[in-house]
Structures are given as structure tokens and as C-alpha cells.
Participant: 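First the structure, then my questions, so here it is.
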Amino acid sequence: MKPLSQERAPIYEALEEFKKMRVVPFDVPGHKRGRGNPELTRLLGEACVSMDVNSMKPLDNLCHPVSVIREAEELAAQAFGAAHAFLMVGGTTSAVQSMILSVAKRGDEIILPRNVHRSVMGAMVLCGAIPVYVNPECDDRLGIPLGMSVAAVKKAIEEHPRAKAILVNNPTYYGICSDIRSIVKLAHEKGMLCLADEAHGTHFYFGEGLPVSAMAAGADMAAVSMHKSGGSLTQSSLLLTGPAVSAGYVRQIINLTQTTSGSYLLLSSLDISRRNLALRGKEAFARVVELANYARKEINAIGGYYAYSRELINGDSIYDFDVTKLSVNTLDVGLAGIEVYDLLRDEYDIQIEFGDLGNILAYLSIGDRPREIERLVSALSEVRRRFGRDKSGLMKQEYIDPEVAVSPQDAFYSEKESLPIRETAGRVCSEFVMCYPPGIPILAPGERITKEILDYIEYAKKKGCSMTGPEDSEILRLNVLKDSI
């Protein structure tokens, strides 16, 4: 690939030129540069709605880019060290699903950890692939799933030699990284592809002293959430591919599900954010690491909380740790993570990323400043003083080994019946149940429901976790396969 200037932002530049043309719009969108919807214009501003335009020759077409979008993708590929990059406007969910659909069809096996995002399991439902789970180890104190051990991956490969790919979280929501280099090597030795869910790893490509990025590790595909730590608008993402993957075929797969009306607000935000990271990412993420390390030190000095970091590394299931992730265990304060999450928002006007049964995650990135860190630390100290209690009776286990009875696709589309949730023990689930965020399924289609899982769901609901997935929004009933298996 020829060297390109990372100072360019071709989509943004084309939009700026387009504005000068004073084109009269007889195309969509129907608000016609905001004139037809004055309330929306007041909310978003004239500059924003004037850039909400349709695909046309001067602005290229996301489904078949030949000019400015193609150049933006080439710049992104160069910045991220990929053979090709695809601009995605359906979020990293769309990128993950395109990644899975590109490598597997009905009946094909994919080796993956069970603590994957729902988008992975959604792709399994769509294409009919069969998951081969490498159940992650679990940290007993923190109650969080860890990475995949290399030995466990090797065993899965030996038992399923015809699997098409191995999927790795790089990192997990909590910042845990597997030994992705070794996993890539194992996959390639057996003719398998290695895919990475890098929803929370954009900064790995630009910061120093951070875990290795998927592309640098030799992975074949990676779904990267630019809107999380990269600074682009919500729902904008990248799908990166290596040289062993056909870019033309991946484009066909993406076009099966991605909109034909790509938002130029999202596309230009990807373009501008890539330029920002390429030019200033190293310095920006050095500041993020500094802030995160300071916050951990101050939070651990409060007492009761445990803001964990690289001391967890064991060289295998915790091969590395993303130090930008401000993950904090709350159980010794006597509060579930979700309770601290709610208290920070309701009592102190602080919105953190998520809280589960034993942990919280405050997401730090390029837009954070020291004053916000001080406010968070102060609020956590107050929460401990005002609301802390004895920790007896708190549940900490975050991962329950699943029993897969049928494939996700077969379960999702099979004949089903709805039962009161406590009557479903022993039956096979036909829908998803998860806390969101982080969006890791507690139950996925095709998995057998156990009393332990039902106890976990009931406890999570009681503590205030936001439960999503089932047809019954109150989660008083679950859909199960009609015929017992």
C-alpha cells in the first residue's frame, strides 16, 4: 500500500467542499438540510443537519466506495496496520457480525470464550455456526471471567480440528487480555483464522506500553469500536482485515445487513477521529494511562474498594491488562457493583460505564480531565461512608459454565413455549438473557437452564441490573424449546 498522509480526512474534506456548492436538494433526507424540521435543527445545530446528506458522486457510496470513502478506508488501514479497513455505521455489533458471517456458515464450528458480547451469539443465530466454548477461568475474589488459556485453546483445537476460526476478546470489558499472539499462531498452524473482538481496544493501536493490538499480533480480522476509546460518534466502528482475508468477499457480507444509507455524520466522525489518533494518539493515551493510574491509587487508598491492574497478570489467562480500564471491585464495601453504579448516578450525578454484581467500570479516554477523576474519587469515598455495610450475603460469581444442548440457530427458530421463569429449570432456552451493559449473555439460545442460572437472574434483578433479551420484558417468563432434549 502506498504511503498516505494521515493529515488527510477525505470524507470531511469532501463535505466541506460540498457545502460550498450550494446544491439544491431534491433527494433524501427529507428534512432538506434541516429546513423541514426546525426543532431538530435547533437541537443539533445547522452545521450538523447540513452534513446529514445522501450518497452521491462527490461524496462516494459506502456500499461500493470508489473515491473519498475508499481513501478514508485506506488511511484507516494504514493507521491501524491492517490490509484493509471498512467503515461501519451499524456499531461494532455490525462489525462483529460481519466478521463471523465472513468465516462461517451453517454447521461450521468457531472456537470462542463464553464471555462474548451478544453480537457474537447473534451472528451464530444468523449463520447457523456452532460455538465451541473455551470456558474462561474465573478470579474467585473479583468474580470476573478471565481470558482464554493457551492450553485450553490448544485442547479445543485438538478436539475440533475442523473449526473455521478462533475468536478472542482483546480485551474483555474489565481489561483482561489473553495471549493473542500465541492463539493466532495456534490457529494458523491448523489452517484456522483468528478473529478479535476489539470493541474496547482501539487505543492499543496508538498508545505505548499497552497490550498488543490484534493486527500487530497477526489476527485475520478485528472489530474495533472507534466510538468507545477512539472519540468518534456513537455507532461508528471499524472492521479490520489481514492479508489472508478477501476484502471483496467481506464487503459483500457487510452489504447483506448494513444500511445502504450510510450516515455522513458517522462516516466523517470516523475519518476525523482516525486522523486525530494517528497524529496525536500516542500523547493522548499516555495522559489517559496517567489519569487511570492516579485514579487507581486514590481509590485504593479509600479502603474497601479494589481498583485492580497489572498485578493480576499471570502470564496465561491474564496475559496482559489494559491499564486504561478503571475496573473496581466493590464487594468489601458491602455493595454490589450495580448498587454503586446507581448511587453514583442518583446521588452524585456521575454516570459510569457499568456495574455488575461485584464490580464497576469507569471508562476513561481522551476526553477526560483530572477534575472529573477527583470528583469520582470523592464520590466513591462518600458512597463508602454513607452507604457501606457488611458484605455478607453478596453474590460475586459472574460466570456460570453453560451446557449447550442445541445450536443457537436451531434453538432460536425452533417451536417454543413460554413458561414462568421458575418452571424452566432443566429446559433448553430459546432466547437471550443478559445484563446490559456489558451485554454478555447469562443465557443464550440452545443452552440448558439450571437452578443456579435462575438464582443468578433473580439476584441480578433484585440488585437492579438492567436485564434485556427475553420476549417478556419483565423477565417473569422465558421461552424454552417445546420438545424436551
Side-chain angles (χ1 to χ4, degrees), residues 1-80 84-92 94-95 202 224-228 230-239 247 251-252 254-255 257-281 284 366-367:
M1 182 185 295
K2 64 179 180 179
L4 302 168
S5 172
Q6 290 294 329
E7 294 184 358
R8 293 286 313 282
I11 298 174
Y12 166 71
E13 292 162 10
L15 285 168
E16 288 291 292
E17 285 300 312
F18 179 74
K19 278 165 55 177
K20 297 176 185 176
M21 294 168 63
R22 302 177 64 86
V23 171
V24 178
F26 284 103
D27 62 350
V28 297
H31 60 68
K32 300 298 175 81
R33 315 293 190 264
R35 294 191 299 272
N37 196 337
E39 290 178 338
L40 182 66
T41 303
R42 282 196 295 272
L43 174 67
L44 299 180
E46 287 188 17
C48 181
V49 293
S50 69
M51 289 184 17
D52 182 34
V53 293
N54 193 26
S55 295
M56 60 188 76
K57 279 191 176 181
L59 299 178
D60 210 354
N61 188 301
L62 183 59
C63 295
H64 187 77
V66 295
S67 58
V68 293
I69 294 177
R70 182 174 179 176
E71 186 179 349
E73 290 184 337
E74 290 172 350
L75 283 161
Q78 179 177 283
F80 283 82
H84 200 94
F86 299 87
L87 305 187
M88 306 294 292
V89 295
T92 308
S94 177
T202 305
V224 180
S225 278
M226 276 291 279
H227 71 93
K228 289 187 171 72
S232 64
L233 290 178
T234 295
Q235 200 177 306
S236 58
S237 184
L238 293 174
L239 177 57
R251 177 83 68 193
Q252 287 185 320
I254 290 170
N255 286 342
T257 56
Q258 182 162 254
T259 178
T260 55
S261 304
S263 166
Y264 279 88
L265 298 175
L266 298 181
L267 292 171
S268 60
S269 83
L270 282 169
D271 202 20
I272 293 167
S273 299
R274 181 269 315 151
R275 180 175 67 179
N276 181 49
L277 295 184
L279 300 179
R280 294 174 284 275
I366 55 178

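Here the structure is a predicted model, which is why all the values come from computation and not from measurement.
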Participant: Closest approach of Pro65 and Arg251, non-hydrogen atoms and distance?
Facilitator: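 The pair with the smallest heavy-atom distance is CG-NH2, 3.2 Å.
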
Participant: Please identify which of these residues, Ile69, Asn61, Asp60, meets the side-chain contact (heavy atoms from CB on, under 4.5 Å) condition with Ser55.
Facilitator: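 Per the side-chain contact (heavy atoms from CB on, under 4.5 Å) rule, the option paired with Ser55 is Asn61, out of Ile69, Asn61, Asp60.
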
Participant: For Lys32, enumerate each residue passing the salt bridge (Lys or Arg N to Asp or Glu O under 4.0 Å) test, keeping only those at least two apart in sequence or located in another chain.
Facilitator: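 By the salt bridge (Lys or Arg N to Asp or Glu O under 4.0 Å) rule, Lys32 matches no residue at all.
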
Participant: Mark yes or no for whether Arg274, through its side chain, and Glu73, through its backbone, hold a donor-acceptor pair below 3.5 Å.
Facilitator: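 Side chain of Arg274 to backbone of Glu73, a donor-acceptor pair under 3.5 Å: no, none is there.
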
Participant: Which heavy atom of Pro38 sits nearest to which heavy atom of Gly36, and what is that distance?
Facilitator: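 Shortest heavy-atom contact: CD-C, 3.7 Å.
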
Participant: Atom CE of Met88 and atom CD of Gln258: how far apart are they, to the nearest 0.5 Å?
Facilitator: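 Answer for the CE-CD pair, Met88 versus Gln258, is 4.5 Å.
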
Participant: Please identify each residue that fulfils side chain to side chain contact (heavy atoms under 4.5 Å, CB included) with Thr259, with sequence neighbours left out.
Facilitator: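 Thr259 satisfies side chain to side chain contact (heavy atoms under 4.5 Å, CB included) with Val89, Ser261 once adjacent residues are dropped.
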
Participant: What pairs of residues pass the salt bridge (Lys or Arg N to Asp or Glu O under 4.0 Å) test when at least one of them lies in residues 11-27, not counting sequence neighbours?
Facilitator: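 Those involving residues 11-27 are Arg8-Glu13, Glu16-Lys19, Glu17-Lys20.
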
Participant: Can you give me the closest heavy-atom contact between Ser236 and Leu266, atom names plus distance?
Facilitator: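 Taking Ser236 first and Leu266 second, the nearest heavy atoms are CB-O, 4.0 Å.
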
Participant: Return the minimal non-hydrogen interatomic distance between Ser237 and Gly91, and the atom names on each side.
Facilitator: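 Between these two residues, the closest heavy atoms are CB-C, 3.7 Å.
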
Participant: Got a second to check how far Thr41's OG1 is from His31's NE2, nearest 0.5 Å?
Facilitator: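 The distance works out to 7.5 Å.
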
Participant: Identify the two heavy atoms, one from Ala278 and one from Ala79, that lie closest to each other, and give their separation to 0.1 Å.
Facilitator: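 So the two residues come closest at CB-CB, 4.4 Å.
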
Participant: Would you compute the distance between atom CD1 of Ile254 and atom CG of Leu87 and round it to the nearest 0.5 angstrom?
Facilitator: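 That separation rounds to 9.5 Å.
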
Participant: So, do Leu62 and Tyr264 sit near enough that their side-chain heavy atoms are less than 4.5 Å apart?
Facilitator: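 Not in contact.
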
Participant: Can you measure from OG1 (Thr92) to NE2 (His227) and round to the nearest 0.5 angstrom?
Facilitator: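 With rounding to 0.5 Å, OG1 (Thr92) is 4.5 Å from NE2 (His227).
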
Participant: Kindly compute the distance separating CG (Asp271) from CG (Leu75), expressed to the nearest 0.5 Å.
Facilitator: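 Result: 7.0 Å between the selected atoms.
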
Participant: So do Thr202 and Leu277 actually touch side chain to side chain, heavy atoms under 4.5 Å?
Facilitator: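 Yes, at least one pair of side-chain atoms sits under 4.5 Å.
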
Participant: Closest heavy-atom contact between Val49 and Arg33?
Facilitator: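 Answer, listing the atom of Val49 first, then Arg33: CG2-O, 3.6 Å.
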
Participant: Roughly how far, to the nearest 0.5 Å, is CE of Met226 from CG of Asn276?
Facilitator: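 If we round to the nearest 0.5 Å, Asn276:CG and Met226:CE are 8.5 Å apart.
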
Participant: For Ser232 and Ser273, run side-chain hydrogen bond (donor to acceptor under 3.5 Å, both in side chains): C-alpha distance rounded to whole Å, both residues' side-chain angles, the deciding distance at 0.1 Å, then the answer.
Facilitator: CA-CA 5 Å; Ser232 64; Ser273 299; 4.6 Å; no

